[in-house]
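Both backbone and side-chain heavy atoms feed into the values below; hydrogens, waters and symmetry mates do not. Note that ligands are numbered from 1 as they come in the structure, with each ligand's atoms numbered from 1 the same way. Residue indices begin at 1 and follow the sequence shown. Just so it is clear, the model here is predicted, and its values are computed rather than measured.
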Amino acid sequence: MTMLVHLNGKLIPAKEALISVFDHGFLYGDGVYETMRVYDGVTFMLDEHLNRLYRSALMIGLIIPVEVNSLKNYIYDTLIANSLKEAFVRLTVSRGYGPIGIDPDLCHSPTIVIIAQEMRDYPKSFYERGISLIISEIRRNPREALNPQIKSLNFLNNILAKIEAKKKGSYDAIMLNVYGMVTESTISNIFFYKENVLCTPSPDCGILEGITRGIIIEIALRDGLIVKEGEFTKEDLYSADEVFITNTTLEVMPVSRIDNKEYPVGNITRLLHKAYKEEVKAYVAKVKAEGPSIWGYE
Ligand code: PLP
């Protein structure tokens with residue numbers, strides 16, 4: 001079946017979904033995006049993702065020329081057109097076409113692209129045994145330079161850390177901020193459990209405030225865990241009992257190694273992942289009960 005992509009308001013075959021070489025998303029990484037996960041036809045935390053998209057856009061002075069409800073319809077149209085129920089959705093809004101030059105005013109019409117693809121699950125072994133991380137030499141962009149709260153197309157900071165991790169034989173990297181405090185991984189937030197406290201870097205450290213991160217904090221508090229959002233050093237991570245990372249597509253992924261330090265896949269990690277899956281189920285059931293929806297289609 002030909003994959004259809006939503007480009008500037010129209011569904012078109014993937015091969016024909018082309019944008020200009022003058023698009024400032026391509027030329028300068030000037031734009032924002034979201035990645036969402038679809039469970040049984042329901043886009044999980046859709047409102048939260050779209051809120052963050054508009055917020056990111058605002059932070060770079062990009063006005064998305066489409067209302068939130070239209071974006072929702074575009075997303076569901078794309079899912080239906082591709083008969084997708086277990087999927088991920090990548091929604092990109094770039095500054096759009098314009099002559100060469102970084103001035104955003106050169107561009108008059110943002111480019112909006114929605115790609116929906118079948119969800120390819122991460123290998124089971126990753127969840128059973130955990131993944132290995134390094135502490136990267138690359139520091140996370142300071143908030144004062146390029147605020148990590150902006151989910152932007154400008155991803156080189158994270159890509160450099162990922163390259164280093166792969167070179168060193170690890171799956172991914174954790175970045176410290178310029179003050180040496182832990183921030184996040186290249187595409188995920190980080191948590192660790194130590195002396196009965198669930199710890200995660202606070203937004204002040206310079207992180208993207210992940211939607212999954214928010215849910216995990218809520219679940220943990222509801223389950224009576226002590227949660228500490230704060231400033232942590234790599235030594236705090238090395239001395240943790242359990243470590244895991246979170247994002248929309250990987251959910252809760254255990255970490256079995258950071259540099260030379262090894263960790264078991266612990267009970268708190270398993271418990272939180274299970275509770276997260278329950279949260280997803282409840283959300284899907286609620287949305288289906290409320291409609292309007294696409295889940296009527298088979
Ligand atoms: N941090 C970074 C740098 C990310 O790119 C992402 C997601 O892609 C996250 C954290 C996790 O965000 P979310 O849980 O909203 O997917």
Side-chain angles (χ1 to χ4, degrees), residues 29 31-39 43-57 59-60 75 87-93 115 117 119-122 131 133-136 138-143 145-165 171-177 181-192 198-220 227 229 232 243-255 269 272-273 275-277 279-280 283:
V32 293
Y33 80 99
E34 280 294 322
T35 304
M36 291 156 266
R37 184 152 171 189
V38 179
Y39 298 89
T43 309
F44 186 53
M45 304 296 277
L46 179 57
D47 286 329
E48 289 74 4
H49 280 283
L50 292 180
N51 281 343
R52 189 170 64 187
L53 180 80
Y54 282 92
R55 209 165 53 238
S56 294
M59 289 172 84
I60 65 163
I75 290 170
F88 67 93
V89 173
R90 158 84 188 217
L91 166 50
T92 309
V93 184
I115 299 169
Q117 271 184 295
M119 185 62 205
R120 295 160 309 215
D121 282 331
Y122 287 85
I131 54 163
L133 304 178
I134 56 155
I135 306 274
S136 176
I138 304 287
R139 297 294 168 108
R140 187 76 176 110
N141 287 330
R143 289 201 301 170
L146 176 54
N147 193 338
Q149 290 283 20
I150 306 168
K151 199 160 165 59
S152 88
L153 301 184
N154 233 296
F155 234 67
L156 265 184
N157 183 217
N158 317 43
I159 290 168
L160 289 176
K162 179 79 177 180
I163 290 170
E164 183 190 345
Y171 181 73
D172 208 340
I174 300 161
M175 286 181 279
L176 307 177
N177 64 21
M181 299 297 159
V182 176
T183 63
E184 57 187 342
S185 186
T186 62
I187 56 160
S188 57
N189 294 114
I190 187 153
F191 285 82
F192 63 97
L198 184 67
C199 302
T200 194
S202 83
D204 292 344
C205 298
I207 59 167
L208 179 78
E209 256 182 276
I211 289 164
T212 321
R213 173 187 182 277
I215 297 172
I216 290 297
I217 291 174
E218 252 183 59
I219 293 173
V227 178
E229 290 181 74
F232 303 103
V243 182
F244 62 87
I245 57 173
T246 62
N247 83 13
T248 294
T249 51
L250 54 79
E251 301 177 341
V252 175
M253 177 78 76
V255 173
T269 306
L272 288 171
H273 195 181
Y276 182 82
K277 284 187 177 296
E279 197 71 22
V280 170
Y283 180 97

Protein heavy-atom partner closest to [atom] - residue, atom, separation in Å:
atom                    : result
atom 3 (C) of ligand 1  : Thr186 O, 3.4 Å
atom 16 (O) of ligand 1 : Thr248 OG1, 2.6 Å
atom 2 (C) of ligand 1  : Glu184 OE1, 3.6 Å
atom 14 (O) of ligand 1 : Thr212 OG1, 2.6 Å
atom 8 (O) of ligand 1  : Lys151 NZ, 2.9 Å
atom 12 (O) of ligand 1 : Gly210 CA, 3.4 Å

Which atoms from ligand 1 have a heavy atom of Asn189 less than 4.0 Å away?
->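 Within the 4.0 Å cut-off of Asn189, ligand 1 contributes 10 (C), 11 (C).
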For Phe155, take its heavy atoms, then give the atoms of ligand 1 lying under 4.0 Å from any of them.
->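 With Phe155 as reference, the close atoms of ligand 1 come out as 5 (O).
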Contact between ligand 1 and [X] is defined here as a heavy atom of the residue under 4.0 Å from a ligand atom; is it met?
X      : value
Arg52  : yes
Asn158 : yes
Thr249 : no

Does the side chain of Asn158 come under 3.5 Å of the side chain of Arg140 through a donor N or O and an acceptor N or O?
->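 A pair is found: one side chain offers a donor N or O, the other an acceptor, under 3.5 Å apart.
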Could you go step by step and tell me if Ile207 and Thr200 meet the side-chain contact (heavy atoms from CB on, under 4.5 Å) rule?
-> CA-CA 11 Å; Ile207 59 167; Thr200 194; over 6 Å; no
If we only count N/O pairs under 3.5 Å, is Ile211 in contact with ligand 1?
->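 The answer is yes, given that Ile211 and ligand 1 share an N or O pair closer than 3.5 Å.
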Would you say the side chain of [Y] lies within less than 4.5 Å of the side chain of [X], judging by non-hydrogen atoms?
X      : Y      : value
Val252 : Phe191 : no
Ile131 : Ile245 : yes
Pro201 : Ile190 : yes
Val255 : Ile174 : no

Any idea which part of Ser188 is under 4.0 Å from ligand 1, heavy-atom wise: side chain, backbone, both or neither?
->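 Ser188 to ligand 1: backbone contact only, side chain stays beyond 4.0 Å.
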By ring-ring contact (aromatic ring centres under 6.0 Å, His included), which residues pair with Tyr39, not counting sequence neighbours?
->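 Tyr39 satisfies ring-ring contact (aromatic ring centres under 6.0 Å, His included) with Phe44 once adjacent residues are dropped.
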Could you check which of Ile215, Ile187, Asn247, Ile216 puts a non-hydrogen atom nearest to atom 6 (C) of ligand 1?
->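 The residue whose heavy atom sits nearest atom 6 (C) of ligand 1 is Ile187.
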Ion pair present between Arg52 and Glu34, side-chain N to carboxylate O less than 4.0 angstrom?
->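 Here Arg52 pairs with Glu34 in a salt bridge, since their nearest N and O are under 4.0 Å apart.
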Decide side-chain contact (heavy atoms from CB on, under 4.5 Å) for His49 and Thr248; before the verdict, give the C-alpha distance in whole Å, the side-chain angles of both, and the deciding distance to 0.1 Å.
-> CA-CA 10 Å; His49 280 283; Thr248 294; 3.4 Å; yes
